[in-house]
Amino acid sequence: MSTEAPKSTLTAARKPRGLPDRSPADIRATNEMMRVIQRVYELYGFEPVETPFLEYTDALGKFLPDQDRPNAGVFSLRDDDEQWMSLRYDLTAPLARYCAENWQNLPKPYRSYRAGWVFRNEKPGPGRFRQFMQFDADTVGSGSVAADAEICMMAADTLEALGIPRGQYVIKVNNRKILDGVMEAIDIGGVNNAATRLTVMRAIDKADKFPWSEIEKLLGEGRWDGGHIGAGDFTKGAGLDVTQIETLRLMIFEDPRATLQEALDKRLPMNQHIEAGLRELSEIESLVRAGGYTQQQITIDRSVVRGLEYYTGPVFEAELLFEVKDEEGRPIRFGSVGGGGRYDGLVSRFLDEPVPATGFSIGVSRLRAALDKLAEMRGETTGEVEGPVIVLAMDKTPEAMASYQQIVAGLRHAGIPSEIYLGSAGMKAQLKYADRRNARVALIQGSNEREKGEVQVKDLILGATLTAIKDRAEYLAKQAEAQFAVPVSEVVAKVREVLARHR
């Protein structure tokens, strides 16, 4: 006789790694934040557009997936016609495809914004997800640096509209042409060194996360994330020699108060890439100052490079300056919540003509976390969402349910979120349900109230405080305020009064 326990036929409830579930509070707060961003973007004349989650893998471009390994960095699958499709890696590459496909019918320059989920087939970790949301704005078809300056001004306006005060954020601006010129000068220019340059840029892009000693490893042989050889995962470096690394340090990280020209005078001759980059930065600075934006809001910072290869000119980083505590209680800056830049070659891959473009992307989830931290520092409550008014179902007869339906319909017509309890539990469990829904008000109508044409209005917030009251007279007064009968015709007005107490 077998003693083995029967195997369960239940399917394990398990979520794939790096893919988040979202709570009602998070969704509502995120939606409100995105409405603010949308208002600012539209104030600048940008209009909405939406692209699909899936794109043909080759349309995402050489900058993102490895064409020999379609799942490298992106999630891919084969269509029924054997073509590779991938979940979008960002919102910029799909926009490039959309613009190219619709170029003849679009107003030029084309100004649009998009919000949506993007996906990375990468190892997840703390604060690093495989699915996250971005909110982008782009100008396609303009080669003027005025378009780049406008993006920077709009980014500053967006952060301030979300309640981040001046002095607690900065929009940093640099130009990839300068870095291209420096890399050319240290002999890693040209097509054959494209992979090395990308590794260098991604290393420098971590300046807000790592000290120079760690970036130096990424520019050299590589870095163990455990802190010493053999500990944790190994990231292969760019393989630069000591002289090349020291030159990059001087150009990018030495004394941020010094001008680039002062640094160049010490180490490198000027070249056409550097000259063009400096000229464009000067023009951007002139435009944003003319727009009334101070150096405190928008500043030139030569450590900003952005990690993606497709940037060709000015690049921007929106950085939050206030400090938060890390997992070990140490103070750290919150850091980058968005960025972007000029990508003049991305749309042109599809068209037989040059199409300049520039844009900016906000990391929605990261910015939401930052706003929560900022509210916490101010002593404000976040995450609590007011639930609907709950109409208790004291009686399941058709007559009673019709009465409840009449009450809830009146509330909804008045714009008050509400619902009838549709479970099978009794009164105590129904009130517990209302509490879990974060309801402020419950409405009770038994047979006696129904015969009188009345409803009991129960203030759940005030009612929860009654047990702490020791004085009998005060208790009775508050009890009468926490639950009282009103005619059905006055329910809407009384519910509004109770809700107003707790807002």
Side-chain angles (χ1 to χ4, degrees), residues 34 37-51 61 63 88 90-116 118 134-159 161 171-177 276-277 279-293 297-298 300 304 306 308-318 338-351 353-364:
M34 292 173 69
I37 298 171
Q38 178 183 339
R39 285 197 294 270
V40 177
Y41 284 5
E42 291 187 348
L43 192 64
Y44 276 73
F46 290 83
E47 63 180 15
V49 70
E50 187 171 279
T51 60
F63 310 104
R88 60 192 182 195
D90 66 4
L91 299 179
T92 307
L95 175 70
R97 187 271 310 157
Y98 172 85
C99 287
E101 199 168 6
N102 298 280
W103 192 237
Q104 297 306 316
N105 300 317
L106 294 176
K108 302 175 188 63
Y110 177 57
R111 302 158 68 85
S112 73
Y113 67 82
R114 282 137 286 111
V118 298
Q134 292 182 332
F135 204 144
D136 289 17
D138 296 76
T139 299
V140 179
S142 173
S144 170
V145 293
D148 302 293
E150 181 182 62
I151 290 286
C152 296
M153 293 185 279
M154 186 172 70
D157 287 353
T158 300
L159 295 181
I171 310 300
K172 296 180 175 180
V173 189
N174 195 15
N175 198 308
R176 283 283 279 269
K177 291 176 182 176
R279 184 172 59 252
E280 290 176 2
L281 284 182
S282 177
E283 189 173 344
I284 288 174
E285 186 161 34
S286 175
L287 289 168
V288 300
R289 300 294 175 256
Y293 295 81
Q297 296 169 279
I298 302 173
I300 306 300
V304 175
R306 304 295 294 163
L308 291 172
E309 189 182 352
Y310 56 57
Y311 291 120
T312 59
V315 285
F316 337 112
E317 195 92 52
R342 179 160 288 279
Y343 52 97
D344 286 349
L346 203 54
V347 182
S348 302
R349 294 186 306 113
F350 301 98
L351 297 172
E353 61 179 287
V355 182
T358 188
F360 180 78
S361 178
I362 288 174
V364 171

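The figures that follow rest on heavy atoms only: side chains count, while hydrogens, waters and symmetry mates do not. Note that the numbering runs from 1 along the sequence shown for the chain.
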J.: Side-chain contact test, heavy atoms from C-beta onward, threshold under 4.5 Å: evaluate it for Y343 versus V140 and give yes or no.
T.: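 Yes, at least one pair of side-chain atoms sits under 4.5 Å.
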J.: What's the shortest heavy-atom distance between D136 and S361, and which atoms?
T.: OD1-OG, 2.6 Å
J.: Mind checking what makes side chain to side chain donor-acceptor pair (under 3.5 Å) contact with R279, not counting sequence neighbours?
T.: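 Here no residue qualifies.
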J.: For G143 and P356, which heavy atoms make the closest approach, and how far apart are they?
T.: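 Distance-wise, the nearest heavy atoms are N-CG, 3.5 Å.
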J.: Measuring from atom CD of Q134 to atom CG of L91, what distance do you get when rounded to the nearest 0.5 angstrom?
T.: 5.0 Å
J.: Hey, are the side chains of V49 and E47 touching, using non-hydrogen atoms and a 4.5 Å cut-off?
T.: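 No, too far: nothing below the 4.5 Å cut-off.
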J.: In chain order, what residues pass the salt bridge (Lys or Arg N to Asp or Glu O under 4.0 Å) check against E101, with sequence neighbours excluded?
T.: R97
J.: Can you find a pair of side-chain heavy atoms, one from Y110 and one from L95, that are under 4.5 Å apart?
T.: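 Yes, side chains in contact.
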J.: Calculate, to the nearest 0.5 Å, the distance between atoms CE and CG belonging to M153 and D157 respectively.
T.: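 Result: 8.5 Å between the selected atoms.
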J.: Which atom pair, heavy atoms only, marks the closest approach of M154 to A137?
T.: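 Minimum heavy-atom contact is CE-CB, 3.5 Å.
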J.: In terms of heavy-atom contacts, does CD of E50 have more than 12 from other residues, nucleotides or ligands at under 6.0 Å?
T.: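 No, CD of E50 has 12 or fewer neighbouring heavy atoms, counting only those of other groups under 6.0 Å.
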J.: Which atoms form the tightest heavy-atom contact between A147 and T358, and what is the distance?
T.: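 Between these two residues, the closest heavy atoms are CB-CG2, 3.8 Å.
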J.: Measuring from atom CG of L287 to atom CD1 of I298, what distance do you get when rounded to the nearest 0.5 angstrom?
T.: 10.5 Å
J.: Might you point out which heavy atoms bring G345 and T312 nearest each other, and give the distance in Å?
T.: N-CG2, 4.3 Å
J.: Taking the side chain as C-beta and beyond, is there a heavy-atom pair between V304 and V173 under 4.5 Å?
T.: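 Not touching, per the 4.5 Å side-chain cut-off.
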J.: So do F46 and S112 actually touch side chain to side chain, heavy atoms under 4.5 Å?
T.: no
J.: Less than 4.5 Å apart, any side-chain heavy atom of D90 and any of Y310?
T.: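 Side chain of D90 against side chain of Y310, heavy atoms only: contact under 4.5 Å found.
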J.: Could you state the interatomic distance from CZ (F350) to OH (Y98), rounded to the nearest 0.5 Å?
T.: 14.0 Å
J.: Classify the ring geometry of F135 against Y41: parallel below 30°, tilted from 30° to 60°, perpendicular beyond 60°.
T.: perpendicular
J.: Under 3.5 Å, is there a donor-acceptor pair between the side chain of S286 and the main chain of S282?
T.: no
J.: To the nearest 0.5 Å, how far apart are CD in E317 and SG in C152?
T.: 11.5 Å
J.: Can you tell me how far apart NZ (K108) and OG1 (T139) are? Round to the nearest 0.5 Å.
T.: 14.5 Å
J.: State, with a plain yes or no, whether a side-chain heavy atom of C99 is found less than 4.5 Å away from one of V355.
T.: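 Answer no - side chains too far apart.
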J.: Sequence neighbours excluded, which residues qualify as salt bridge (Lys or Arg N to Asp or Glu O under 4.0 Å) partners of R342?
T.: D148, D344
J.: For Q297, check side chain to side chain contact (heavy atoms under 4.5 Å, CB included) against everything at least two apart and list the hits.
T.: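 Testing Q297 for side chain to side chain contact (heavy atoms under 4.5 Å, CB included), a comparison that skips the adjacent residues, returns E160, R166, Y169, Y293, T294.
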J.: Would you check if the side chain of R114 reaches a backbone N or O of P94 as a donor-acceptor pair within less than 3.5 Å?
T.: no
J.: Does any part of the side chain of T158, heavy atoms only, come nearer than 4.5 Å to the side chain of F360, both counted from C-beta?
T.: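 F360 does not reach T158 side chain to side chain.
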J.: Residues in salt bridge (Lys or Arg N to Asp or Glu O under 4.0 Å) with R111, at least two apart?
T.: E150
J.: Which is it for Y113 and I37 under the side chain to side chain contact (heavy atoms under 4.5 Å, CB included) test, yes or no, and what are the steps along the way?
T.: CA-CA 10 Å; Y113 67 82; I37 298 171; over 6 Å; no
J.: Among residues at least two apart in sequence or on other chains, which ones pass side chain to side chain contact (heavy atoms under 4.5 Å, CB included) with L43?
T.: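 Partners of L43 by the side chain to side chain contact (heavy atoms under 4.5 Å, CB included) criterion come out as none, since no residue qualifies.
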J.: Test side chain to side chain contact (heavy atoms under 4.5 Å, CB included) on L159 and I171 and set out the steps.
T.: CA-CA 10 Å; L159 295 181; I171 310 300; 4.0 Å; yes
